[in-house]
Amino acid sequence: MKITGVRSHVLSCDMPETLGYSQQYYSKRNAHLVEVSTDEGLTGWGECFGPGDVATANAAIVEGVIAPLVMGMDPRDRDVCWHKVYNRLRDHGQKGMPIQALSGVDIALWDITGQAAGLSISRLIGGRHRDRVGVYGYGMMLRPEPAGELAARFEDEAAAIRDAGFRATKMKVGLGVRDDIRLAEAVRRGVGDGFDFMVDANHAYDVNDALEVGSALDELCAYWFEEPVAPEDRDAYATLRRTLKTRIAGGEAEYTRWGWRDLLASGGLSIAQPEVCALGGISEYLRVLALCHAHHVPVVNHVWGSAIAVATNMQLLAAMPPLPGGLHPREPWLEFDTTENRFRDEMLTEALDIQGQVAANDGTVALPDRPGLGVVPDLDFLTRYRIDR
């Protein structure tokens, strides 16, 4: 079998409202899918992390740089393809956009391999530790409105996510220390006592502000504090983990086994959040997962993007060993964006229907066990939303 084509599909649509996080507001949703075709008629799908202009730039890397390197290779030689591309690009991008671009191609090669073998990716990895997984719903995005109005909105939205059946919820912060504490207090009121909620700062703070917010989160019994400081500030991560009761989570902005080796060695993470569509694809994710577990750091995957990204993570969650083992281990969660996302909910020939499953099955969702990723995009849908580059 040989690779005969590598194509990017950059999708874009208007969102029903402007949403944001600590770094920006946005009113368009984007996705970057990678389609790899073969001479035996099998087609694999992957996804590259990165919104907006990042998606467009990554598409150029996929088609102009990576595609010529892998054309004619056997797609089942995933590790050979990965290292050929990485070694060629090492001088030009050991992190960031070249690795995001490689991620989408690598995921597509795993999809092809699974289809060729008649096995789901989770079974290719080594087997399924679970057939269902709990889901946490994130929402409470920032909006360009006064903090008081936003707090009232957050309280109602948090209650709605809980009532929809999700196992936990996650909110955004980034208005400043006092207003962010106010938002967190509103979410705790909304979900009530005994329900896990998490706080995602998207590296909004320096270490002193993060300590102040984190101390308030300790009092509110938040489950984790995500990306509190810049990902480069490893010392601050370690300080926060030593000082706060609330778990410190992060890693979505880290790449490859080499970056993760150093991040884990710094001792700053209570929970690791690798992003498979960014760090190097499934091939590299498995090496990162092994590193995390070797450091006894539990993994809750970062999930952002279309149905392809969600399906990829569902396969990885099926195959993830519990840490630690035992009769009643704490199981991983699937992250789910509760805001409108037609690239997740309407893009497949057979919808995942995560919201419906969560409501009907005690906050859990079934993990597909069909060959490859187990999902197929609707090509007419892609044509409708694909943008010219």
Side-chain angles (χ1 to χ4, degrees), residues 15-23 25-26 133-202 204-205 209-210 212-228 244-249 270-271 273 300 302-304 330 332-341 344-345 354-365:
M15 294 169 55
E17 59 179 329
T18 297
L19 299 175
Y21 57 100
S22 68
Q23 304 301 317
Y25 292 103
Y26 54 95
V133 72
V135 185
Y136 80 81
Y138 92 74
M140 287 76 75
M141 303 290 291
L142 300 184
R143 292 169 173 82
E145 60 189 36
E149 295 179 17
L150 199 58
R153 183 194 294 272
F154 274 25
E155 183 173 347
D156 291 343
E157 189 174 346
I161 290 172
R162 178 203 60 199
D163 293 345
F166 290 94
R167 290 284 181 90
T169 191
K170 187 169 78 176
M171 62 179 291
K172 296 291 189 181
V173 291
L175 301 182
V177 170
R178 292 183 180 179
D179 284 337
D180 289 342
I181 293 172
R182 184 179 181 183
L183 294 179
E185 291 170 342
V187 169
R188 173 50 80 197
R189 289 194 302 272
V191 298
D193 294 333
F195 189 86
D196 286 330
F197 85 99
M198 294 79 81
V199 177
D200 187 358
N202 294 106
Y205 310 120
D209 286 347
E212 186 173 352
V213 174
S215 295
L217 298 183
D218 284 350
E219 296 299 317
L220 294 169
C221 297
Y223 185 66
W224 77 55
F225 192 8
E226 181 173 335
E227 277 206 308
L244 300 175
K245 294 186 300 182
T246 303
R247 296 164 180 83
I248 303 301
S270 311
I271 293 173
Q273 297 175 300
V300 180
H302 180 266
V303 184
W304 180 92
R330 178 179 280 274
W333 281 325
L334 173 67
E335 178 177 11
F336 184 81
D337 176 3
T338 62
T339 65
E340 189 260 9
N341 185 349
R344 179 195 59 218
D345 299 334
I354 290 176
Q355 298 98 316
Q357 292 192 61
V358 163
N361 296 287
D362 190 30
T364 68
V365 63

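Atoms considered below: every heavy atom in the structure, side chains included; atoms not considered: hydrogens, waters and symmetry mates.
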For [X], give me all partners under side chain to side chain contact (heavy atoms under 4.5 Å, CB included), at least two apart in sequence or on another chain.
| X | value |
| --- | --- |
| E340 | P16, R342 |
| A249 | W224, E226, I271, Q273 |
| E149 | E145, P146 |
| D337 | R29, Y138, T339, R344 |

Distance-minimising heavy-atom pair for F225 and A201: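 Scanning both residues completely, I find the closest heavy atoms to be CE1-CB, 4.1 Å.
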What are the two closest heavy atoms between G174 and A204, and how far apart are they?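 Of all heavy-atom pairs spanning G174 and A204, the closest is CA-CB, 4.2 Å.
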4.5 Å side-chain heavy-atom contact, Y21 and D200: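 Answer no - side chains too far apart.
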Checking T338 now: which residues fulfil side chain to side chain donor-acceptor pair (under 3.5 Å) with it, not counting sequence neighbours?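 T338: no side chain to side chain donor-acceptor pair (under 3.5 Å) contacts found.
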Applying side chain to side chain donor-acceptor pair (under 3.5 Å), can you list everything that pairs with T169, at least two apart in sequence or on another chain?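 If we apply the side chain to side chain donor-acceptor pair (under 3.5 Å) test to T169, skipping adjacent residues, there are no hits.
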Counting N and O atoms only, with roles assigned by atom type, does the side chain of [X] sit under 3.5 Å from a partner on the main chain of [Y], one being a donor and the other an acceptor?
| X | Y | result |
| --- | --- | --- |
| D180 | L175 | yes |
| E157 | M140 | yes |
| D218 | K245 | yes |
| R143 | M141 | yes |

Look up atom CD in Q23 and atom CD in E227, then write down how far apart they are to the nearest 0.5 Å.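 It is 9.0 Å, given to the nearest 0.5 Å.
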Just how far is it from atom CD of E219 to atom CD1 of I181, taken to the nearest 0.5 Å?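 Nearest 0.5 Å value for the CD-CD1 distance: 10.5 Å.
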Criterion side chain to side chain contact (heavy atoms under 4.5 Å, CB included) against L142, the qualifying member of V173, L183, L19, N202: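 Exactly one option meets the side chain to side chain contact (heavy atoms under 4.5 Å, CB included) with L142, and it is L183.
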Qualifying residue, where the test is side chain to side chain contact (heavy atoms under 4.5 Å, CB included) with L334 and the options are T364, V358, V365, V300: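 Option passing the side chain to side chain contact (heavy atoms under 4.5 Å, CB included) with L334: V365.
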Pairwise ring-ring contact (aromatic ring centres under 6.0 Å, His included) hits with a residue in residues 180-199, at least two apart: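 Output for this query is empty, none listed.
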Does anything in residues 143-169 pair up under ring-ring contact (aromatic ring centres under 6.0 Å, His included), and if so which pairs, sequence neighbours excluded?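 Pairs touching residues 143-169 that pass the test: F166-F336.
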For the pair D345 and Q355, evaluate side-chain contact (heavy atoms from CB on, under 4.5 Å) and give the outcome as yes or no after the intermediate values. CA-CA 10 Å; D345 299 334; Q355 298 98 316; 3.5 Å; yes
Tell me, please, which residues at least two apart from W333 pass ring-ring contact (aromatic ring centres under 6.0 Å, His included).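 Applying ring-ring contact (aromatic ring centres under 6.0 Å, His included) to W333 gives Y136, Y223.
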Give me each pair satisfying salt bridge (Lys or Arg N to Asp or Glu O under 4.0 Å) with a member in residues 158-167, each pair once, sequence neighbours excluded.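 Found R167-D362.
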Contacts of D196 that satisfy salt bridge (Lys or Arg N to Asp or Glu O under 4.0 Å) - sequence neighbours left out: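 Per chain and number, D196 pairs via salt bridge (Lys or Arg N to Asp or Glu O under 4.0 Å) with no residue.
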Pairs meeting criterion side chain to side chain donor-acceptor pair (under 3.5 Å) with involvement of residues 182-193, two or more places apart: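 Checked against side chain to side chain donor-acceptor pair (under 3.5 Å) - neighbours excluded - the pairs reaching residues 182-193 are E155-R189.
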CA sep, side-chain torsions, deciding dist, call: D209, V213, side-chain contact (heavy atoms from CB on, under 4.5 Å): CA-CA 6 Å; D209 286 347; V213 174; 5.5 Å; no
